[in-house]
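One structure is given here, and the rest of the page talks about it.
Chain A is the first sequence line, chain B the second, and so forth, proteins listed ahead of strands; every chain is numbered from 1.
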Number of protein chains: 2
Amino acid sequence: MYTPFESIYTSLRHRICLLDYPPGTVLRESQLASEFGVSRTPIRAVLQKLSYDGLINSQDGVGNIVTEPGDEEIFDIYQMRIKLAEWIGYARPRELTDQDHDIAIALRQRAEILTQKFEISEYWMINHDQHLLISSVIGNSAMRQMWDQLYYRAARMWYQHIRDNPSGAADSLLAETTEVCRAIYEKNSIALGHVQSNYISYGLKNLGGAGPRDAVSE
Amino acid sequence: MYTPFESIYTSLRHRICLLDYPPGTVLRESQLASEFGVSRTPIRAVLQKLSYDGLINSQDGVGNIVTEPGDEEIFDIYQMRIKLAEWIGYARPRELTDQDHDIAIALRQRAEILTQKFEISEYWMINHDQHLLISSVIGNSAMRQMWDQLYYRAARMWYQHIRDNPSGAADSLLAETTEVCRAIYEKNSIALGHVQSNYISYGLKNLGGAGPRDAVSE
DNA sequence: TTATACCAAGCTGTATACACCATATCAATT
DNA sequence: AATTGATATGGTGTATACAGCTTGGTATAA
């Protein structure tokens, strides 16, 4: 948010995740450069990072195309997120504090309001803030890095699904935030990870995928 | 290996992993540009990717400094590798073939020769080829990506340790390749992952770390 | 009418000149 | 002598001009 790079990178990632740039959109470097008031050079740096993140695909002579995740890829990413979530409590978690609980309570309140008047943007922001909270709990830096990366790769699909099927989304989110509150109140980071894993799993089910072939059975 | 980018990227990563560029080394863009016969621009792209990989650290006005992993980071990376390896067999593995077995047999033979005449470079190449083989088994693309990334982040530490303590390294590698051979012969990718997990765990122990504080106990 | 070959326009990839930043050196002052 | 300040030097970050690739359109010939 502070350096120009971070600011532009966050903006573009936000647009891709919220489908302002739906899959297939062609991003032109010169256009983005003029929009953000910089030259093509820093824009290219941002696009390269987005490319490493798997969010766009740069093709010489054509443009930077927002990727369209296939069914297999969606399944793979969700499977990884489910597994990683199970490990959150074992990845050198920092101690959960009363302040964490306050934040979680606030998120639950926002989710409760959402059940009365649903707004997709607010739904997203609650999800996002909860992700930031939980991510901050992970002490293992390698783990946290992967956790964040997969979150942003999965966000589009989830957002699209909720946008098309908003019924029940607020109730589910309220239930999730409630469970998160409890786990944090109990200062039990292992439980916190399990809650995450469960709700990601529910999400995968709702997305309609039990996997490309046979589901993973451990 | 084909595009100039891939070629330069692989070269520099190789040099960092094999400690040709030990931690603290300052990489100058113009110097690398003249060495590879290109301008600073593609060099910068490579360095940015290496920065995302956590192998270097770009500082404005100073240079691109090869990172020095701290004890905590080493432990985190190893813990993740141990956990991910356990999971290889469940990450949509492709079917193991007789050709895989032939490759594994060849690796074991090279390891056997290594026990008679140890050479650190050959040790590294066997390890690397084995990594490529096992990585190719992972069908879950998100998982494979993380697996590769952590491998290159951990390689330096392991290489340094073996270089300083070569005794027993060849025997251990021979044992590992033997177990890999067996798992592949049995076409059991779950076992293959467990073998990997075990030997990574042995490696962490040898590196001298049971963790920064208390070890993870699941 | 259809197919093919060429061409033009626009994009990304590259090279290079310039601006800004960090640091080491050296002189001036206390 | 020690310290502080300016300054020169060499680095990365940025802007821009150019080269190479892709693609859509068009003209021409079968």
Side-chain angles (χ1 to χ4, degrees), chain A residues 1-17 19-70 153, chain B residues 1-17 19-70 153:
Chain A
M1 290 294 187
Y2 299 109
T3 72
F5 179 93
E6 288 284 335
S7 174
I8 298 173
Y9 173 73
T10 307
S11 290
L12 292 185
R13 188 180 58 186
H14 190 264
R15 294 178 189 178
I16 293 173
C17 289
L19 303 177
D20 292 335
Y21 295 150
T25 303
V26 179
L27 304 180
R28 275 77 180 256
E29 297 177 353
S30 45
Q31 176 187 333
L32 295 172
S34 63
E35 177 189 343
F36 287 98
V38 295
S39 78
R40 277 180 54 207
T41 307
I43 295 292
R44 281 182 63 80
V46 168
L47 292 177
Q48 281 171 29
K49 186 159 173 56
L50 290 172
S51 179
Y52 301 147
D53 292 338
L55 297 180
I56 68 172
N57 196 347
S58 292
Q59 287 186 23
D60 189 2
V62 180
N64 303 83
I65 302 167
V66 177
T67 54
E68 175 139 34
R153 283 184 74 176
Chain B
M1 293 293 187
Y2 299 110
T3 72
F5 179 93
E6 288 283 336
S7 174
I8 297 173
Y9 173 73
T10 307
S11 291
L12 292 186
R13 187 179 59 187
H14 190 263
R15 294 179 189 177
I16 293 173
C17 289
L19 302 177
D20 291 336
Y21 295 149
T25 303
V26 179
L27 304 181
R28 276 77 180 255
E29 297 177 353
S30 44
Q31 176 187 333
L32 294 172
S34 62
E35 177 189 343
F36 288 99
V38 295
S39 77
R40 275 181 56 209
T41 308
I43 295 292
R44 279 182 65 79
V46 168
L47 292 176
Q48 281 172 30
K49 186 160 172 56
L50 290 172
S51 179
Y52 301 147
D53 292 337
L55 297 180
I56 68 172
N57 196 346
S58 292
Q59 287 186 22
D60 188 3
V62 180
N64 304 83
I65 303 166
V66 177
T67 55
E68 177 140 31
R153 284 184 73 174

Round to a whole Å and report the spacing from CZ of Phe5(A) to P of dA15(D).
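From Phe5(A) CZ to dA15(D) P: 14 Å.
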Examine distances only and state if a side-chain atom of Thr25(B) and a backbone atom of Val66(B) form a donor-acceptor pair shorter than 3.5 Å.
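No; judged by distance alone, with no hydrogens or angles, the pair does not exist.
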Backbone N/O of Leu47(A) and side chain of Ser51(A): donor-acceptor pair under 3.5 Å:
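No, the answer is negative, given that no donor and acceptor are paired below the 3.5 Å cut-off.
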Dump the pairs, protein N or O against N or O of nucleotides 4-11 of chain C, anything under 3.5 Å, distances to one decimal.
none

Note, Val38(A) side chain near Ile8(A) side chain (heavy atom, < 4.5 Å)
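SC-SC contact between Val38(A) and Ile8(A) confirmed.
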Under the rule for ring-ring contact (aromatic ring centres under 6.0 Å, His included), what residues qualify as partners of Tyr52(B), not counting sequence neighbours?
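Applying ring-ring contact (aromatic ring centres under 6.0 Å, His included) to Tyr52(B) gives Tyr52(A).
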Could I get the full list of salt bridge (charged side-chain N to carboxylate O under 4.0 Å, His left out) partners for Arg28(A), not counting sequence neighbours?
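Arg28(A) satisfies salt bridge (charged side-chain N to carboxylate O under 4.0 Å, His left out) with no residue once adjacent residues are dropped.
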Using a 4.0 Å cut-off on heavy atoms, which residues in residues 35-48 of chain A reach DNA chain C? List them by number, or say none.
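Nucleic-acid contacts, sorted: Arg40(A), Arg44(A).
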Excluding sequence neighbours, so at least two apart, what forms side chain to side chain donor-acceptor pair (under 3.5 Å) with Gln48(B)?
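If we apply the side chain to side chain donor-acceptor pair (under 3.5 Å) test to Gln48(B), skipping adjacent residues, there are no hits.
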Distance, nearest 0.5 Å, that separates CD of Glu35(A) from CG of Leu12(A):
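Between atom CD of Glu35(A) and atom CG of Leu12(A) there are 7.5 Å.
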Sequence neighbours excluded - ring pair (Phe, Tyr, Trp, His ring centres under 6.0 Å) pairs with any residue from residues 30-51 of chain A
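Of all non-adjacent pairs touching residues 30-51 of chain A, none passes ring pair (Phe, Tyr, Trp, His ring centres under 6.0 Å).
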